[in-house]
Amino acid sequence: MSDDSTKSEIITPPPVPATGKGFSETIAGQSAASRFLLVWDAPNMDMGLGAILGGRPTAAHRPRFDALGRWLLQRTAEISGHTADSEAPRRVEPEATVFTNIVPGSADVVRPWVDALRNVGYAVFAKPKLSDDSDVDADMLDHIELRRHTVGLAGLIVASADGQAFREPLLDVVSDGIPVTVIGFREHASWALTTEELEFVDLEDIPAVFREPLPRIGLDSLPDDGAWLTPFRPLQALLH
């Protein structure tokens with residue numbers, strides 16, 4: 001998925017204990033460098049992409065995490081070279097993390113995707129989807145707070161459209177003078193688009209993240225001759 005230089009520059013996670021809690025605790029104190037942290041909300045981003053596509057993505061419309069990693073490396077290099085009162089550039093390290101739920105019985109299907117992420121250089125926090133309350137929002141916020149109050153954050157990027165979970169915590173991070181960027185789809189992230197303190201980046205605007213353009217048709221960008229908007233689910237779903 002990525003060339004060797006990308007694999008070596010993004011932080012590669014150490015072995016994680018079976019509890020799934022080891023990554024944050026293991027490397028929290030390993031480096032004095034602050035972090036440019038990317039946190040990816042896989043369930044929420046998958047839901048947003050599915051809504052745009054009207055179904056499961058094909059290979060052409062799956063996000064390329066190697067391209068996202070290169071973009072993070074570029075952003076990290078830019079912020080590392082920015083100095084305030086000090087003559088020496090700040091030591092800033094990129095950290096890319098993906099948080100996901102695993103539905104019971106789906107491990108064999110999901111494993112290749114998880115392994116590919118780890119091979120590129122992403123840490124993955126996987127949590128069983130045992131109930132409606134088994135989401136990963138709280139785990140994402142805990143990880144952000146751990147980095148914020150240990151090694152420190154030079155910048156934060158959150159990929160999620162869940163304004164209810166993230167808007168106020170992200171504004172709290174901004175109040176510390178830390179730049180915060182929200183990645184998502186403009187159709188589903190009005191809360192980030194309208195919050196001046198947050199930078200918003202549409203996922204499709206990141207170079208090479210998608211192999212082909214997404215079939216996006218919005219009510220504010222209709223062609224002159226109109227367009228069909230396909231249903232999000234079949235009508236028969238009402239019977240269930």
>> As an exercise, state the distance from CG of D139 to CD1 of I144, rounded to the nearest 0.5 Å.
In response: 11.0 Å
> Can you check side chain to side chain contact (heavy atoms under 4.5 Å, CB included) on K127 and F99, steps first, answer last?
Replying inline: CA-CA 8 Å; K127 186 175 185 178; F99 288 72; over 6 Å; no
>> Do E199 and V180 have side chains that approach each other closer than 4.5 Å (heavy atoms only, starting at C-beta)?
In response: no
> Below 4.5 Å, heavy atoms only, C-beta onward: do L130 and P104 meet side chain to side chain?
Replying inline: yes
>> Pair L68, I206 - check side chain to side chain contact (heavy atoms under 4.5 Å, CB included), show working.
In response: CA-CA 7 Å; L68 181 65; I206 296 175; 3.7 Å; yes
Please list, one pair per line, the donor and acceptor atoms closer than 3.5 Å that link side chains of residues 39-56 to other protein atoms, with sequence neighbours excluded.
| from | atom 1 | to | atom 2 | distance (Å) |
| --- | --- | --- | --- | --- |
| D41 | OD1 | N44 | N | 3.4 |
| D41 | OD2 | S160 | OG | 3.0 |
| N44 | OD1 | A161 | N | 2.7 |

> Under a single-linkage definition using a 4.5 Å side-chain heavy-atom cutoff for Ile, Leu, Val, Met, Phe, Trp and Tyr, are L193 and V158 assigned to the same hydrophobic cluster?
Replying inline: yes
> Would D115 and R111 pass as an ion pair if we require N to O under 4.0 Å?
Replying inline: no
> Does a side chain donor of either H61 or E204 reach within less than 3.5 Å of an acceptor in the other side chain?
Replying inline: no
> Would you say the side chains of S34 and R147 form a donor-acceptor pair under 3.5 Å?
Replying inline: no
> Between P112 and D108, what is the shortest heavy-atom contact and its length?
Replying inline: CD-O, 3.4 Å
> Hey, does V209 have a side-chain heavy atom less than 4.5 Å from the side chain of W71?
Replying inline: no
>> If I compare all heavy atoms of S80 with all of V92, which pair ends up nearest, and what's the gap?
In response: OG-CB, 3.3 Å
>> side chain to side chain contact (heavy atoms under 4.5 Å, CB included) for F36 and I79? Distances and angles first, verdict last.
In response: CA-CA 9 Å; F36 200 123; I79 203 168; 3.4 Å; yes
>> Tell me the closest heavy-atom pair linking R211 and R62, and the distance in Å.
In response: NH1-O, 4.4 Å
>> Would you call the rings of F65 and W113 parallel, tilted or perpendicular, taking 30° and 60° as the class edges?
In response: perpendicular
>> Just verifying a value: how many Å separate D172 CG and R148 CZ, rounded to the nearest 0.5 Å?
In response: 4.5 Å
> What pairs with D205 under salt bridge (Lys or Arg N to Asp or Glu O under 4.0 Å), at least two apart in sequence or on another chain?
Replying inline: none
>> Would you compute the distance between atom CG of L239 and atom CD of Q236 and round it to the nearest 0.5 angstrom?
In response: 7.0 Å
> What is the minimum heavy-atom distance between E93 and T76, and which atoms define it?
Replying inline: C-CG2, 4.2 Å
> Shortest non-hydrogen contact from F200 to A189?
Replying inline: CE1-CB, 3.5 Å
>> For a quick test of reading the model, state the closest non-hydrogen atom pair linking L203 to I183 and the distance between them.
In response: CD1-CG2, 3.8 Å
> Can you tell me how far CD of E95 sits from CG of L72, rounded to the nearest 0.5 angstrom?
Replying inline: 9.5 Å
> Any side-chain heavy-atom pair from R216 and D202 closer than 4.5 angstrom?
Replying inline: yes
> So, does T97 use its side chain to make a donor-acceptor pair with the main chain of L38 at under 3.5 Å?
Replying inline: yes
> To the nearest 0.5 Å, how far apart are CD1 in I102 and OG in S134?
Replying inline: 12.0 Å
> Hey, what do you get for CG (L37) to CD1 (I178), rounding to the nearest 0.5 Å?
Replying inline: 10.0 Å
>> Do R167 and T195 pair up side chain to side chain, a donor and an acceptor below 3.5 Å, judged on atom types alone?
In response: yes
> Heavy-atom distance under 4.5 Å between the side chains of F125 and M140, does that happen here?
Replying inline: no
> side chain to side chain contact (heavy atoms under 4.5 Å, CB included) between V182 and L170: does it pass, once the steps are laid out?
Replying inline: CA-CA 9 Å; V182 174; L170 295 187; 3.8 Å; yes
